[in-house]
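Proteins get letters first, then strands, A, B, ... in listed order; numbering begins at 1 in each.
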There are 2 protein chains.
Amino acid sequence: MDDITNQEQAIELLQQLGLKEYEAKSFVALARRQRGTAKDISDTSEVPRTRVYDAIRVLESKGLVETQHSNPQVFRAVSVDEAVNTLQSEYVERTESLRNTLSGLDPIDGDEQTETTHEVWSISGDQGITSRTRQLIEGATEELILVIGHEGVFTDQLVEQLQLARERDVKVIIGTVDDELRTTVQDALPDTEVFVSELEWLSRSPLPDDDTEISRLLLVDREAILVSSFTETTADGRGHEQGVFGRGFDNGLVAITRRLMATGLPSVNDPETERA
Amino acid sequence: MDDITNQEQAIELLQQLGLKEYEAKSFVALARRQRGTAKDISDTSEVPRTRVYDAIRVLESKGLVETQHSNPQVFRAVSVDEAVNTLQSEYVERTESLRNTLSGLDPIDGDEQTETTHEVWSISGDQGITSRTRQLIEGATEELILVIGHEGVFTDQLVEQLQLARERDVKVIIGTVDDELRTTVQDALPDTEVFVSELEWLSRSPLPDDDTEISRLLLVDREAILVSSFTETTADGRGHEQGVFGRGFDNGLVAITRRLMATGLPSVNDPETERA
DNA sequence: ATGTATTGTGATTAACTGAGTGAACGACTG
DNA sequence: CAGTCGTTCACTCAGTTAATCACAATACAT
């Protein structure tokens, strides 16, 4: 019974969703016993009895708890589904109204120098990088070279996006760093060319004491590039992903990567390519 | 151009979604001008220039902003749709994983006194009351008496739920406090009996200086009741709704309400009713 | 080359929020 | 009537965030 972990996770999630520590703990305690008094809740959570009341009041106003005004008061948690739906709809509501207000902002136009070339943008966090990756894949029209250096990035969603690209007649080439991952990818995308890169530096850093590994490397139509690396942050459990992304055939980063890919990947080498 | 309000609303929403004040302000400023330096952002928001950098870093890790590491650094906001989708999927993810962890909690069983009678639960907040209302309507099998005392509660969703109840052969009776509202309701639900209550206390409080009005009054199968009231909180813009809800034919609250309804509503008076 | 304005980082302080604790008061029990 | 329990309220302490300043690094103009 690893329910200790489970419970802590629920508390953590509730806090991420905007509840205070006491509120989250009280709710979880109450959800486990369906109904209970302030004392009951205080016993099964680590919330001081005197503060349970405040916490419950907040939970009640959010529609997660109901109160029986007897003496002693008895509290009751709504069903899990009801609670989750309530929270979820609250957030969907907020994001939708955010969408409206944001698109309703009137723009301030500064100097309109649309100097897209030579730009290199940096992004960080799995969220943003995944999003940018998707966008690039969706925008591909001819060729798509993707090197996966970290199994974590090979998600179902990614597979789906790649398949859509293939259906748009985009040539999809996928590289991996080891044979195990290659097999996984090949299984998921049978019709796609998948290989293990010969490039040493992709899988192993030439520097000692470097716990950063290449995570993704994406070249779209030979004119847009995204590279990301993954660092195991020793302290907390999960690491941090950061990357750069550039666009434009003349872009320095794009040019370099194009060359690197050409040397390391088998089928990228067709003569027509090297028009630089 | 009431964009001042619009902008403030966007900032407010972003903060509710977990961003800090500086982060929200920076993002909105950046979203308005598509790209800009720290100075630009500081000028169009009220964020001290020296703090823009921290804010942007956080935004970047959330996938809302990209950075060009030139000198001076240039920041760029992702598109509105992309930003909103990122935020939304983040929360949907969290709620779904919350659903799992919550339903995976092992219950603690206390004293199993399922003494449902005589219980009166109190709930507060539009969220919870609406949810409980829906649940009660869905559970109705024979009769459903609903008095609407505040136009705000008469939503499209409510109409839908009531129609579903009708299709289950539940007798639906709806009361209102004024004739204007009656017409609105009757239009939305043509096949349903809608009337204006004769009960004076429903629409006007007998006490002076009482800015609380009845909001909803729901009697389900004559054995479950929900009453809610609405108070204009003078300070902030919107008011607060609070209510009580009870179940069981013997329940005091239910019994009283049953009597009250019988005296105030025309068609609730069939002899078979008064079996108490 | 030199002075000046601008950019980015870090340190510091003030204001605020939330966690944690205890006093006080009323309700109920024996 | 005393003692226990339930509830609210007021308060302290710690951590976080907002806000300002000082300083180093860089670009820019003369």
[X] has an atom [atom1]; how far is it from atom [atom2] of [N], in whole Å?
{"X": "B:Q15", "N": "D:dT17", "atom1": "CD", "atom2": "P", "result": "12 Å"}
{"X": "B:K25", "N": "D:dA19", "atom1": "NZ", "atom2": "C1'", "result": "11 Å"}
{"X": "B:E60", "N": "C:dG8", "atom1": "CD", "atom2": "P", "result": "13 Å"}
{"X": "A:E23", "N": "C:dG20", "atom1": "CD", "atom2": "P", "result": "13 Å"}
{"X": "A:I41", "N": "D:dG6", "atom1": "CD1", "atom2": "C1'", "result": "13 Å"}
{"X": "A:H69", "N": "D:dG6", "atom1": "NE2", "atom2": "P", "result": "17 Å"}
{"X": "B:K39", "N": "C:dA5", "atom1": "NZ", "atom2": "C1'", "result": "11 Å"}
{"X": "B:I56", "N": "C:dG8", "atom1": "CD1", "atom2": "P", "result": "11 Å"}

Exercise. Do B:E23 and B:K62 meet the salt-bridge criterion of a basic N to acidic O distance under 4.0 Å?
Worked result: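 Judged by the 4.0 Å cut-off on N to carboxylate O distance, B:K62 and B:E23 do not form a salt bridge.
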
Exercise. With a 4.0 Å cut-off, would you call B:D126 and B:R216 a salt bridge?
Worked result: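 Yes.
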
For this session: Identify, between A:D54 and A:N71, the residue whose nearest nucleotide on DNA chain D lies closer to the 5' end.
Result: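 In this pair, the answer is A:N71.
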
Exercise. Would you call the rings of A:Y91 and B:Y91 parallel, tilted or perpendicular if under 30° counts as parallel and over 60° as perpendicular?
Worked result: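 Rings of A:Y91 and B:Y91: parallel, under 30°.
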
Check every atom of [options] against the side chain of [X] and return the nucleotide holding the closest atom.
{"X": "B:K20", "options": "D:dT7, D:dA18, C:dT7", "value": "D:dA18"}
{"X": "B:R57", "options": "D:dT7, C:dT9, D:dT8", "value": "C:dT9"}
{"X": "B:E21", "options": "D:dG6, C:dT9, D:dA18", "value": "D:dA18"}

For this session: Give A:T50 one of three labels, base, sugar-phosphate or nothing, depending on what nucleic acid heavy atoms sit under 4.0 Å from its own.
Result: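 Touches a base.
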
For this session: Tell me whether the OP1 or OP2 atom of D:dT7 has a side-chain N or O from A:R51 closer than 4.0 Å.
Result: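 For A:R51, the contact criterion (side-chain N or O under 4.0 Å from OP1 or OP2 of D:dT7) is not met.
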
Exercise. Given C:dA19, is OP1 or OP2 found less than 4.0 Å from the side-chain N or O atoms of A:Y22?
Worked result: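 Checking C:dA19 against A:Y22, no side-chain N or O comes under 4.0 Å of OP1 or OP2.
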
For this session: State, with a plain yes or no, whether a side-chain heavy atom of A:L226 is found less than 4.5 Å away from one of A:R132.
Result: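 A:L226 vs A:R132: side chains touch.
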
Problem set entry | From CZ (B:R57) to OG (A:S122), nearest 0.5 Å |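 Output value for this atom pair is 10.0 Å.
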
For this session: Tell whether B:R49 reaches the base of C:dG8 with its side chain through a donor-acceptor pair below 3.5 angstrom.
Result: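 For B:R49, whose side chain was compared with the base of C:dG8, there is a donor-acceptor pair (under 3.5 Å).
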
